[in-house]
Amino acid sequence: MVFKKNLVLKLFILLKFFLLLGGCTYQYTNEYSLDTEDVKKIKLNIKSFEINKDNLAITTTENLLQNEINKKALNKLEAWAWQKFATEGIENKAFLNLLKIDTSVIEKSKNKKSIISIINQGKEVYKVALNFDLSITTNDSLMKTLKITSSLDFELLNKYSIAQRNKVIIYNVNKLIKLIDDKVTIQLNKKAFNNFVIM
């Protein structure tokens, strides 16, 4: 009886070890690394381009992780904007008005003390939302505005190390910026912006 109990315990420990080992080897690809060559540059018929954060509402909470995600999203968005737009004109101005960056926890599940908890790890599902507009103003005060709102949900497992968690966050923030990049490219290629985009 004692032998059987020891065997079950050893099998249980071995199984848990392999599951943890499998969890540690999970890797995100660089599909959303957003290198310079990944961003399709748009030449605007403008003399100056500015990023305006005067009206930016960043939701800060007691949750340090949410604040960290907001900070990473802001940094990536600004870096993307400087890569995305080239000033090619001798007049007109463009302003990228950052309006809102918000990260929230939309689902939370904790580990329960059971054998099933080895398979079903505790997790938190986060939603990152970005909201901004791109305004282009001519010298005679004609203004065109492109409004962009985008969000993305992703999950973080409780078993992740700090390095793994950081990789997952960066991966998903890059994925969100890539979605925004595609939206902006499509919208600026529409007829309404013909006077401001140089082909």
Side-chain angles (χ1 to χ4, degrees), residues 26-36 38-42 44 49-85 93-111 121-137 143-190 192-193:
Y26 183 77
Q27 293 181 354
Y28 275 81
T29 62
N30 286 332
E31 184 182 349
Y32 296 105
S33 63
L34 266 191
D35 291 327
T36 310
D38 295 336
V39 176
K40 186 180 176 187
K41 198 169 265 302
I42 291 182
L44 295 176
F49 173 74
E50 291 179 33
I51 295 177
N52 181 2
K53 295 189 266 188
D54 293 345
N55 297 320
L56 177 60
I58 297 182
T59 306
T60 52
T61 67
E62 291 179 10
N63 184 323
L64 296 177
L65 188 57
Q66 285 175 249
N67 297 336
E68 185 63 28
I69 296 168
N70 285 341
K71 187 177 172 184
K72 286 184 189 318
L74 175 60
N75 290 340
K76 283 286 183 184
L77 184 62
E78 285 186 276
W80 164 81
W82 291 119
Q83 281 180 260
K84 182 72 174 172
F85 304 110
K93 294 179 182 178
F95 298 93
L96 188 77
N97 301 303
L98 302 179
L99 303 173
K100 188 174 183 182
I101 296 175
D102 182 29
T103 301
S104 56
V105 179
I106 56 174
E107 184 185 325
K108 199 173 199 175
S109 66
K110 292 185 178 178
N111 282 348
Q121 293 290 327
K123 67 178 180 181
E124 290 182 338
V125 179
Y126 288 85
K127 182 186 193 82
V128 186
L130 292 172
N131 185 358
F132 66 90
D133 62 46
L134 174 68
S135 298
I136 305 172
T137 310
M143 183 188 285
K144 284 281 183 185
T145 302
L146 171 64
K147 295 184 179 296
I148 298 289
T149 301
S150 204
S151 65
L152 179 79
D153 297 351
F154 68 96
E155 64 182 43
L156 293 174
L157 300 181
N158 293 348
K159 69 177 181 178
Y160 285 160
S161 67
I162 293 171
Q164 285 176 313
R165 189 177 64 195
N166 197 41
K167 275 185 183 178
V168 175
I169 291 169
I170 290 169
Y171 173 86
N172 283 288
V173 167
N174 281 340
K175 189 175 177 182
L176 178 60
I177 299 298
K178 181 72 175 110
L179 291 171
I180 288 169
D181 183 61
D182 293 341
K183 273 187 185 180
V184 168
T185 300
I186 290 166
Q187 293 299 320
L188 285 179
N189 282 318
K190 289 188 173 176
F193 291 95

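Starting from 1, each residue takes its place in the sequence as its number.
Judged by distance alone, the side chain of N166 and the main-chain N or O of I162 form no donor-acceptor pair under 3.5 Å. Formation of a donor-acceptor pair under 3.5 Å by the N67 side chain with backbone atoms of E62 is not found in this model. With D181 contributing its side chain and I177 its backbone, the two residues share no donor-acceptor pair below 3.5 Å.
Taking both residues in full, the closest heavy atoms of A73 and V173 are given as CA-CG1, 3.8 Å, listed atom of the first, atom of the second, then distance. Listed here is the closest heavy atom pair of V168 and E155: CG1-O, 3.9 Å. Taking both residues in full, the closest heavy atoms of K183 and S150 are given as NZ-OG, 3.6 Å, listed atom of the first, atom of the second, then distance. Heavy-atom minimum distance, L56 versus K100: CD1-N, 3.7 Å.
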Check the pair L130 / I180 against side-chain contact (heavy atoms from CB on, under 4.5 Å), numbers first and verdict last. CA-CA 9 Å; L130 292 172; I180 288 169; 3.4 Å; yes
Quick one, Y126 with N63, criterion side-chain contact (heavy atoms from CB on, under 4.5 Å). Give me CA distance, side-chain angles, the key distance, then yes/no. CA-CA 12 Å; Y126 288 85; N63 184 323; 4.1 Å; yes
For W80 and V184: C-alpha separation, side-chain torsions, deciding distance, then whether side-chain contact (heavy atoms from CB on, under 4.5 Å) applies. CA-CA 11 Å; W80 164 81; V184 168; 3.8 Å; yes
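No side-chain heavy atom of I58 sits less than 4.5 Å from a side-chain heavy atom of L98. Using a 4.5 Å heavy-atom cutoff, the side chains of L134 and I148 are not in contact. Considering only heavy atoms from C-beta on, I69 stays 4.5 Å or farther from K72 through its side chain. Side chains of L96 and W82 form no contact here, defined as non-hydrogen atoms less than 4.5 Å apart. Residues L156 and Q164 are not in side-chain contact: their nearest non-hydrogen atoms beyond the backbone lie 4.5 Å or more apart. At least one side-chain heavy atom of I169 sits less than 4.5 Å from a side-chain heavy atom of L65. Between L188 and F85, the closest side-chain pair of non-hydrogen atoms falls below 4.5 Å. F193 has its side chain out of reach of I42: every pair of non-hydrogen atoms, C-beta onward, lies at least 4.5 Å apart.
Between the CG atom in L179 and the OG atom in S151 there is a gap of 9.0 Å [rounded to 0.5 Å]. In this structure, OG1 in T103 is found 11.0 Å from NZ in K127, a value given to the nearest 0.5 Å. The distance from atom NZ of K76 to atom CG of N174, rounded to the nearest 0.5 Å, is 4.0 Å. Within the model, atoms CG of D133 and NZ of K144 stand 14.5 Å from one another, a figure rounded to the nearest 0.5 Å. Distance check: K84 NZ to L44 CG gives 9.5 Å after rounding to the nearest 0.5 Å. Atom CZ in F132 sits 8.5 Å away from atom OG1 in T149 (nearest 0.5 Å).
The neighbour count for K41 NZ, taken as heavy atoms of other residues, nucleotides or ligands under 6.0 Å away, is above 12. Around atom CG of L64, no more than 12 heavy atoms belonging to other residues, nucleotides or ligands sit under 6.0 Å away.
By the side chain to side chain donor-acceptor pair (under 3.5 Å) test, N52 pairs with N97, sequence neighbours left out.
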